[in-house]
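Taking it in order: structure first as structure tokens, then the write-up.
Each chain gets a letter, A, B and so on, in the order the sequences are listed, and its residues count up from 1. Just so you know, these numbers use all the heavy atoms, side chains as well, and skip hydrogens, waters and symmetry mates.
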2 protein chains.
Amino acid sequence: MPVGLNENEIHVLGEVVSHKRKIQRGGYLHRAGSKFQSLYAIRSGFLKTCILEQDGRQQVTGFHMTGELLGLDAISTEIHTCDAVALEDSEVCEIPFAKLEEISRTIPSLMHHFHKIMSREIVRDHGVMLLLGSMKAEERLASFLLNLSRRFLIRGYSEYNFNLRMTREEIGSYLGLKLETVSRAFSKLQDENIIRVDNKHIQINDMTRLRMKMGNSSCIT
Amino acid sequence: MPVGLNENEIHVLGEVVSHKRKIQRGGYLHRAGSKFQSLYAIRSGFLKTCILEQDGRQQVTGFHMTGELLGLDAISTEIHTCDAVALEDSEVCEIPFAKLEEISRTIPSLMHHFHKIMSREIVRDHGVMLLLGSMKAEERLASFLLNLSRRFLIRGYSEYNFNLRMTREEIGSYLGLKLETVSRAFSKLQDENIIRVDNKHIQINDMTRLRMKMGNSSCIT
DNA sequence: CGTTGCATTGAGGAAAATCAAGTTGAGTGG
DNA sequence: CCACTCAACTTGATTTTCCTCAATGCAACG
């Protein structure tokens, strides 16, 4: 979160971030239906958020990594609308939302920054809607891989080699595809020598052609 | 917007809302790429927002009616990410965002309310993602009609009879379907006597069965 | 070393896209 | 007022894409 804040502001913000929480792989950060108190800033690890329908239908709404903020959806009703599950051992900072609002009154730049973060989430969701609404399986997967790649790069990891933390089924849920379709799309991209797949490990051989696979360049954040 | 504000607060907010703007049917409230200055509260009318890709791909990201707030996506980069087009003659209030932030510092309930609105938009988008990711054509259309119906009801119109402001193609874009598929889904629902379709006019004959068509009840806002 | 969960692959089928007419209705101009 | 145009809609035939079902592979783990 601390971007565009001066040292004093960061100090004040530090007061708010009450305590850290560790979540084991497979553990829940929060569940749909639970009371909302705090936002969570991811310190390390990897989580997914998903909504679960009464009829069993499930949809992964996002994969989240270090530096991202979780819980924004719950502000509106003060009830979490989704589950947040750790896909690997993770650590988060709890940010009591009431305190955040209080402090942001005295630190305009903090408030503004927070608004930008919420807005970015909306933009991201619109990107996913475009993906789900108008792309074919292979395009969706290409888009997904490029998005991951970029986020790893930003965090100082290789953009060409990384490990997926999620299963094919979770990828499929996020992309609106069945796991078999995801698997086939991986195989196809591998056959074309665009990527190399070894179980959860992905190597991107030809970034340019991967980008071409999706017809558009507006990546999802 | 004014919900949960006292009279004084509303008065102050009134100062912010600088001027009203009329947009003719077919006209643009804002275009993707244009500089963001203000949010827009819809006073009357009906608009769509859509993102347009370089390759011509288009996605309607939402249909918006009286009382809703437009422009939230642009806060993050201060550039509008989508077009907003009036589907009928509409009137909006311009709310300079810088002023809104400034005033919300002195009116905590206004700030909190604004956060809820942004959060609700995120929840809505997640609902659309679920729809696009896991529903069939007919389920999507049922979900869409029920959502419209509810929003008309809230605004004091009939939940059983209403006119669509958008074309089949726009519905299709929003729902991730082609216009022919939308048309067929309409016909199918009509054949089953669940709705009556006459061009843009929709009559819902059997709300219960329409609800059953979509397997879940979490409506999109 | 069998179990278990995840992944791959193939065959067949269902859903939606695409292609192709035709229809309707609103608006325009003769 | 009628013919004309154009855009939006409907419907049918065909093709593509993805889903479903089923078999198999494969690594991790007790």
Indicate, with a heavy-atom threshold strictly under 4.0 Å, whether [X] touches base, sugar-phosphate, or nothing.
X         : answer
Lys188(B) : nothing
Leu179(B) : base
Gly176(B) : sugar-phosphate

Length of the line joining [X]:[atom1] and [N]:[atom2], which is rounded to integer Å:
X         : N       : atom1 : atom2 : result
Leu141(A) : dT8(C)  : CG    : P     : 11 Å
Ile171(A) : dC18(D) : CD1   : C1'   : 17 Å
His201(A) : dC26(D) : NE2   : C1'   : 18 Å
Leu175(B) : dA17(C) : CG    : P     : 11 Å
Leu177(B) : dT18(C) : CG    : C1'   : 14 Å
Asp191(B) : dT11(D) : CG    : C1'   : 12 Å
Arg140(B) : dA16(C) : CZ    : P     : 7 Å
Lys178(A) : dT9(C)  : NZ    : P     : 20 Å

With a 4.0 Å limit, can you tell me whether [X] has a side-chain N or O closer than that to the phosphate oxygens OP1/OP2 of [N]?
X         : N       : answer
Lys200(B) : dC9(D)  : yes
Thr181(A) : dC18(D) : no
Arg168(B) : dA8(D)  : no
Arg184(A) : dT9(C)  : no
Thr167(A) : dC6(C)  : no
Ser183(B) : dT11(D) : no

Checklist entry - Any Lys/Arg nitrogen of Lys35(B) or Glu78(B) sitting under 4.0 Å from an Asp/Glu carboxylate oxygen of the other? => result yes
Checklist entry - Near Gln24(B) CD, under 6.0 Å, is it more than 12 heavy atoms from other residues, nucleotides or ligands? => result no
Checklist entry - Can you tell me if CZ on Arg21(A) sees more than 12 non-hydrogen neighbours from other groups inside 6.0 Å? => result yes
Checklist entry - Do Arg31(A)'s NZ or CZ and the ring of Tyr28(A) fall within the cation-pi criteria of under 6.0 Å and 45°? => result yes
Checklist outcome for this item: Here the gap from Tyr160(B) atom OH to Ile202(B) atom CD1, rounded to the nearest 0.5 Å, amounts to 15.5 Å
Checklist entry - Hey, which of these two, Lys136(A) or Glu180(B), hits DNA chain D nearer its 5' end, going by closest nucleotide? => result Glu180(B)
Checklist entry - Between Asn199(A) and Glu138(A), who's closer to the 5' end of DNA chain D by nearest nucleotide? => result Glu138(A)
